[in-house]
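Please read the structure below before turning to the comments.
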Amino acid sequence: MQIKYFSWVKEQIGVDAENITLKDNIETIIDLINHLKSKNEKYNRAFKDISIIRCAVNMEVTNLDEKINDNDEIAFFPPMTGG
Amino acid sequence: MQIKYFSWVKEQIGVDAENITLKDNIETIIDLINHLKSKNEKYNRAFKDISIIRCAVNMEVTNLDEKINDNDEIAFFPPMTGG
Amino acid sequence: MIKVQKQDFDVTTEIKNITSLNKNIGGTGVFIGNVREGNNSNLQSMTLEHYPIMTEKQLEKINNEAKTRWNLIDSLIIHRYGKLYPGDQIVLVATFSEHRTNALKACEFLIDWLKTKAPFWKLEESDKGNIWVEEKTSDIDAANKW
Amino acid sequence: MIKVQKQDFDVTTEIKNITSLNKNIGGTGVFIGNVREGNNSNLQSMTLEHYPIMTEKQLEKINNEAKTRWNLIDSLIIHRYGKLYPGDQIVLVATFSEHRTNALKACEFLIDWLKTKAPFWKLEESDKGNIWVEEKTSDIDAANKW
């Protein structure tokens with residue numbers, strides 16, 4: 001699974017993308033976030049306030065309870081500020 | 001007094017402007033219209049339906065009961081279609 | 001600013017003349033009106049007559065009204081007169097503000113008021129002959145809503 | 001049409017590319033967004049990051065939504081990314097219709113939706129340091145009103 005990060009989420013985590021292999025107990029985006037937070041303090045900080053985290057699965061904006069699987073492209077970012 | 005005509009009002013009357021001297025019994029625009037209509041059939045036709053005649057006194061849109069005097073510039077025209 | 005002119009205008013030039021003077025303009029609202037060929041009548045040309053001097057006065061008044069109602073850094077109306085052809089530009093309204101809402105509302109207001117309050121009259125030359133464009137009820141309603 | 005690009009755009013060229021193809025366009029609504037210098041922070045530059053491919057998909061979706069809701073002959077969104085400076089153009093929205101109301105409403109809708117639904121993030125570089133622009137409540141409200 002490829003994960004992409006944008007804006008200050010990317011800055012706090014320190015990479016703009018990474019590949020991980022989904023573990024069996026990760027079924028939803030929120031599971032994935034909890035898994036990432038357990039890895040180290042950078043992820044923990046980036047995902048501290050989940051209310052200002054938005055995510056996309058395969059380039060579609062979704063909710064954090066969305067089911068995911070191994071060949072999805074997941075992206076995490078703050079609220080969008082286009083225009 | 002100078003009178004100006006625009007659009008089909010001008011076409012029907014046949015001139016784009018004319019000078020007239022106000023008679024004593026002409027106090028308002030509607031008096032002026034009635035005076036003009038008495039002159040000949042062209043005016044009579046142009047001012048036949050007063051509901052689609054607009055007028056301006058000294059370049060300000062006004063109502064037909066507006067008082068006028070000899071040094072005013074009066075204009076008659078159909079509803080404006082700008083933009 | 002108000003311009004009543006026979007010649008065409010260049011939208012980029014007109015906008016940059018203003019935005020280049022003020023780096024706090026965040027939103028520019030623009031409306032451009034063009035001569036339509038029309039679906040049935042096969043329009044050949046359209047002649048815009050106007051009332052010189054009164055036109056400038058009226059446009060100035062309408063423009064000032066917009067500046068009173070919305071927080072604008074600047075605004076511009078260019079209105080052409082004379083003989084125009086299908087596709088030609090007739091009118092440009094441009095409103096400049098720090099934020100988009102003021103610019104967009106003022107732009108809509110200006111073109112709505114121009115339709116019924118600017119002393120122009122349009123003669124359409126088509127297969128049907130020469131016909132003066134009549135006032136539309138929808139334009140009166142649009143002007144009255146502000 | 002959708003364009004996501006680093007380079008600047010010329011408003012006249014972009015509009016004429018479309019109006020020259022259709023002589024039934026009577027009204028064109030345009031919004032141009034520029035980088036504001038700001039009143040206090042003395043902005044030096046603004047870097048727009050975006051999510052390639054998703055950006056195009058989202059803009060296409062938003063643009064199609066406008067075409068579904070209003071009677072448009074065409075519409076165009078150009079959104080820049082990369083490092084921009086005060087006064088620089090960021091975004092162009094242009095909507096083309098037979099009559100002005102459709103064009104103006106669709107234009108307002110498009111810029112409102114772009115604000116919260118287009119995957120761009122703005123980093124402001126100023127005297128205060130580098131600060132990511134936060135979502136505004138007024139922008140969420142503006143998007144939700146449609």
Side-chain angles (χ1 to χ4, degrees), chain C residues 8-16 18-40 42-43 46 73 85-101 103-105 107-112 114-115 136 138-139 141-142 145, chain D residues 8-16 18-40 42-43 46 73 85-101 103-105 107-112 114-115 136 138-139 141-142 145:
Chain C
D8 200 9
F9 49 82
D10 180 77
V11 179
T12 299
T13 307
E14 298 297 340
I15 288 171
K16 294 224 165 168
I18 293 172
T19 54
S20 64
L21 296 178
N22 192 315
K23 292 210 179 347
N24 258 333
I25 294 169
T28 302
V30 179
F31 178 81
I32 303 151
N34 291 74
V35 178
R36 287 178 59 226
E37 196 155 51
N39 298 314
N40 316 309
N42 199 15
L43 186 82
M46 177 187 271
I73 292 172
Y85 297 89
D88 281 358
Q89 300 183 127
I90 306 171
V91 64
L92 174 73
V93 170
T95 49
F96 305 84
S97 186
E98 290 193 16
H99 303 290
R100 72 185 183 286
T101 312
L104 289 168
K105 285 293 161 210
C107 184
E108 196 184 341
F109 164 82
L110 283 171
I111 186 64
D112 276 348
L114 284 180
K115 287 277 169 186
K136 288 187 209 142
S138 59
D139 285 339
D141 294 344
K145 80 169 187 264
Chain D
D8 200 8
F9 49 82
D10 180 76
V11 178
T12 299
T13 308
E14 298 297 340
I15 288 171
K16 294 226 163 165
I18 293 172
T19 53
S20 63
L21 297 176
N22 193 316
K23 292 211 181 340
N24 259 331
I25 294 169
T28 301
V30 179
F31 178 81
I32 303 151
N34 290 74
V35 178
R36 287 179 57 227
E37 197 157 50
N39 298 316
N40 316 308
N42 200 13
L43 187 82
M46 177 189 272
I73 291 172
Y85 297 88
D88 280 358
Q89 300 183 125
I90 306 171
V91 64
L92 174 74
V93 171
T95 49
F96 306 84
S97 186
E98 289 192 19
H99 303 290
R100 71 185 184 285
T101 312
L104 289 169
K105 285 292 160 207
C107 183
E108 196 185 341
F109 164 81
L110 282 171
I111 186 64
D112 277 347
L114 283 179
K115 288 276 170 186
K136 287 188 211 141
S138 58
D139 285 338
D141 294 344
K145 80 168 186 265

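Chain naming here is simple, since letters A, B, ... match the order of the sequence lines and numbering starts at 1 in each. Source: prediction; values computed, not measured.
Ranked by heavy-atom pairs shorter than 4.5 Å toward chain C, the options D:Ile25, D:Thr19, D:Thr12 are led by D:Thr12. Here C:Gly38 is the residue among C:Gly38, C:Ala103, C:Gly33, C:Gly29 with the most heavy-atom pairs under 4.5 Å with chain D. For the options D:Arg100, D:Glu108, D:His99, D:Gln89, heavy-atom pairs under 4.5 Å to chain C are most numerous at D:Arg100. Heavy-atom pairs under 4.5 Å with chain C were tallied for D:Thr28, D:Ile111, D:Ile90; the largest tally goes to D:Thr28. In terms of heavy-atom pairs under 4.5 Å with chain C, the best-connected choice from D:Asp112, D:Asp88, D:Asn22 is D:Asp112. The choice from D:Gly26, D:Ser20, D:Pro86, D:Gly27 that makes the most heavy-atom pairs within less than 4.5 Å of chain C is D:Gly26.
Atoms NZ and CG, on C:Lys115 and C:Leu110 in that order, are 13.0 Å from each other to the nearest 0.5 Å. Rounded to the nearest 0.5 Å, atoms CD (D:Glu14) and CG (D:Asp10) are 7.5 Å apart.
Looking at C:Val35, the atoms closer than 4.5 Å to chain D (heavy atoms on both sides) all sit in the backbone: N, CA, C or O. For C:Leu104, the part sitting under 4.5 Å from any heavy atom of chain D is the side chain, from C-beta outward, and nothing else. In this structure, the portion of C:Ile15 lying under 4.5 Å from any heavy atom of chain D is its side chain and not its backbone.
The nearest pair of heavy atoms linking D:Cys107 to D:Val30 is SG-C, 3.6 Å. Of all non-hydrogen atoms in C:Ser97 and C:Ile73, the two that sit nearest each other are C-CD1, 4.0 Å. Across all their heavy atoms, C:Lys145 and C:Ala142 have their closest contact at CG-O, 3.2 Å.
Residue pairs meeting the salt bridge (charged side-chain N to carboxylate O under 4.0 Å, His left out) criterion with at least one member in residues 26-40 of chain D, sequence neighbours excluded: C:Glu98-D:Arg36. Legend: salt bridge (charged side-chain N to carboxylate O under 4.0 Å, His left out) pairs involving residues 22-33 of chain C, not counting sequence neighbours: none detected.
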